[in-house]
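In this text, all values refer to a predicted model and were calculated from it rather than measured experimentally. Side-chain atoms are counted along with the backbone in the values below, which use heavy atoms only and exclude waters and symmetry mates. Residue numbering restarts at 1 for every chain, and letters A, B, ... go by the order of the sequence lines.
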2 protein chains.
Amino acid sequence: MIRRLSQARERGIPEATVARLPLYLRALNGMAERGLATVSSEDLAVAAGVNSAKLRKDLSHLGSYGTRGVGYDVEYLIYQISRELGLTQDWAVAIVGVGNLGRALANYGGFVSRGFRVAALLDADPEVVGDRIAGLNVEHIDELETVIRRRGVSIVVLATPAAAAQQVADRVVAAGITSILNFAPVVLSVPEGVDIRKVDLSIELQILAFHEQRKTDRMTGGPAMAEEWPEAVDL
Amino acid sequence: MIRRLSQARERGIPEATVARLPLYLRALNGMAERGLATVSSEDLAVAAGVNSAKLRKDLSHLGSYGTRGVGYDVEYLIYQISRELGLTQDWAVAIVGVGNLGRALANYGGFVSRGFRVAALLDADPEVVGDRIAGLNVEHIDELETVIRRRGVSIVVLATPAAAAQQVADRVVAAGITSILNFAPVVLSVPEGVDIRKVDLSIELQILAFHEQRKTDRMTGGPAMAEEWPEAVDL
DNA sequence: CCCACTTTGTGCATCGGTTCACAAAGGGAC
DNA sequence: GTCCCTTTGTGAACCGATGCACAAAGTGGG
Ligand SMILES: NC(=O)c1ccc[n+]([C@@H]2O[C@H](COP(=O)([O-])OP(=O)(O)OC[C@H]3O[C@@H](n4cnc5c(N)ncnc54)[C@H](O)[C@@H]3O)[C@@H](O)[C@H]2O)c1
Ligand SMILES: NC(=O)c1ccc[n+]([C@@H]2O[C@H](COP(=O)([O-])OP(=O)(O)OC[C@H]3O[C@@H](n4cnc5c(N)ncnc54)[C@H](O)[C@@H]3O)[C@@H](O)[C@H]2O)c1
């Protein structure tokens, strides 16, 4: 029987769901390696660290791929999620800014594993340009447009200093890129239609610090309520 | 006049707000450097890339620190947000797993700038132990408990391979740590009360790929509807 | 001192996302 | 074929977050 496309398919998958699909995919891959043929929403939910009702609702947005009384076919679900995420094609990624972080990313194996391929490394520093890292030549940022076109790059990872990030982002966007992963601690401004995701270590640590402070406050009997502004600063 | 503590203070700041405070703080620091004394919610919102009503509501959770008709005092607001986030104290951070990524993190300057201090580097590989990185000796993972206690570490950054992450997390938690930033692509299971934040490159790329696919699909006239499962796989 | 102007702080409607709970679907035993 | 058991898919209630819109508060000018 040809499976009916649920009306949910095509008509926008919720953003929160999209963000969890890679998690399910990772859990499923682990299960496939261990030779499991089917999995229940309950088991998969546990492996992915989410609630099983949420998992079922998420999957229902892709279509009706489970079998009541049985669960989901592991391989089939891997294929469906991969396809939905666009991982059945391979994506050429360029890393701009080959410093501490850029090098770590370039050398990172887990990158390649799932549809992503580092296709170019670019930097502005003549000292760095020409270096061979993870089998790739570091090219000069002046070549940006050419490299993007020639290698079919569609995702750019920004690992330059904060001061250069906006300027590089502008060039990258002008070159036709619409997907950017930004590691620099700045709010990038880009035109409508360009997707930016950011990874910000410092923000993550600050959020942890906030909660950590709450925990220790609670133990030591609450924060020092008095101290609001140590030396009264005239507003 | 002593400022009244709003009832919102102390009684839980929304998680979404907490996640944005570091953003406001960063924008404010930039403004302070440029010598601005006060800022309106509108200007600050633009600098932080959010809606101004949201910004005002966020700040209102900390207290009533603005002046109608004028805006917010930059220095004062920096202090209030810093205090709320717990950045007026300094936090000792340990990095476990000193490979590609761990090294980049250890060498990262922006780390120290705001209340965080890398206090220890730990690894299991005898080849790596003893290396001097960013002025710190890499210590053996066996010393974990001692190092955490002696240096007053309260936040641990996990940069080990995925396979080791859960095991290391267990030890770290047993040593009394309740805040972990995890770079390994695994769902860590930890007891109630332990906060985990994760940074997952691969997930970010997959989310970008999803949207990128949608964009190109739209241009090429929608996805190939027929192909649902290339070679019918028997369920 | 009053008035016009600016900008905050928030009540309220709305929205997206989560969770519960259950009817419907399918499998397997006999 | 019938019955029982398991598990999906989803309606509906709920919850937190967002954004509009405006009254209240404060500034500065005359
Ligand atoms: N290293 C980390 O662990 C870490 C963690 C979090 C965030 N970050 C952020 O990631 C970014 C990179 O960090 P890093 O430690 O690798 O810095 P880095 O200084 O080691 O490397 C930056 C690289 O970008 C290059 N560059 C500068 N301007 C450029 C331009 N216009 N075009 C192309 N390349 C340019 C430099 O030549 C250098 O090689 C920074 O914004 C940093 O704040 C780094
Ligand atoms: N490098 C990247 O750009 C990148 C990006 C995203 C995610 N990650 C993830 O970050 C983690 C680290 O990546 P990497 O590239 O630095 O890997 P790596 O192999 O270069 O480094 C891992 C380090 O952890 C150490 N280690 C192993 N077991 C340990 C244990 N039980 N206790 C303490 N240390 C132990 C190893 O000796 C090694 O030095 C991995 O989980 C990886 O998937 C890395």
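Taking every heavy atom of both residues into account, B/Ile78 and B/Ala32 meet most closely at CD1-CB, 3.8 Å. Heavy-atom minimum distance, A/Gln213 versus B/Glu84: OE1-O, 3.1 Å. Heavy-atom minimum distance, A/Gln206 versus B/Leu87: OE1-CD1, 3.6 Å.
D/dG11 atom P lies 14 Å from atom CZ of A/Arg56, rounded to whole Å. Note: CG (A/Asp58) to P (C/dG17) measures 10 Å, nearest angstrom. We find that CG of A/Leu55 is positioned 14 Å from P of C/dC20, with the value rounded to whole Å. Across the protein-nucleic acid pair, B/His61 atom NE2 and C/dG9 atom P stand 12 Å apart, rounded to whole Å. Taking atom CG of B/Leu62 as the reference point, atom P of C/dT8 lies 14 Å away to the nearest angstrom.
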Every protein N/O lying under 3.5 Å from an N/O of nucleotides 12-17 of chain D:
unit_1, atom_1, unit_2, atom_2, d
D/dA12, N6, A/Lys57, NZ, 2.9

Strictly under 3.5 Å: I want the nitrogen or oxygen pairs between protein and nucleotides 27-30 of chain D, one per line.
none

Table of protein N/O atoms under 3.5 Å from nucleotides 1-3 of chain D N/O atoms:
none

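A/Asn51 has no side-chain polar atom (N or O) that falls below the 4.0 Å cut-off from OP1 or OP2 of C/dG17. For the OP1/OP2 pair of C/dG26 and a distance below 4.0 Å, the side-chain nitrogens and oxygens of A/Tyr72 include no atom meeting the criterion.
A heavy-atom distance below 4.0 Å to DNA chain C is reached by these residues of residues 28-46 of chain B, ordered by number: B/Ser40, B/Ser41.
Electrostatic pairing of B/Arg56 and B/Glu42 does not count as a salt bridge here, judged by no charged N lying under 4.0 Å from a carboxylate O. Between A/Asp195 and B/Arg214, none of the side-chain N atoms (NZ, or NE/NH1/NH2) sits under 4.0 Å from a carboxylate O, so this pair counts as no salt bridge.
A/Val199 is not listed as a side-chain neighbour of B/Leu201, based on a closest heavy-atom distance of 4.5 Å or more.
Dense packing is recorded around NZ of B/Lys215, with more than 12 heavy atoms of other residues, nucleotides or ligands lying under 6.0 Å away.
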request  = For side chain to side chain contact (heavy atoms under 4.5 Å, CB included), just list the numbers for A/Leu105 and A/Phe183, CA-CA rounded to whole Å, side-chain angles, deciding distance to a tenth of an Å, and then say yes or no.
outcome  = CA-CA 11 Å; A/Leu105 296 173; A/Phe183 283 87; 3.8 Å; yes
query = Given the rule in the side chain to side chain contact (heavy atoms under 4.5 Å, CB included) test, do B/Leu208 and B/Glu204 qualify, once you have shown the distances and angles that lead to the verdict?
reply = CA-CA 6 Å; B/Leu208 283 175; B/Glu204 299 302 326; 5.7 Å; no
Expected list for residues 161-170 of chain A: side-chain donor-acceptor pairs under 3.5 angstrom, two or more places apart:
unit_1, atom_1, unit_2, atom_2, d
A/Gln166, OE1, A/Ser189, N, 2.9
A/Gln166, NE2, A/Asp170, OD1, 2.8
A/Gln166, NE2, A/Ser189, O, 3.0

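Comparing the end axes of the helix from C/dC1-D/dG30 to C/dC30-D/dG1, each fitted to five base pairs by superposing C1' atoms of four pairs onto the next four, gives an inter-axis angle of 10° (nearest 10 degrees).
Side-chain contact of A/Ser179 with B/Glu212: a donor-acceptor pair under 3.5 Å is present, judged by distance alone.
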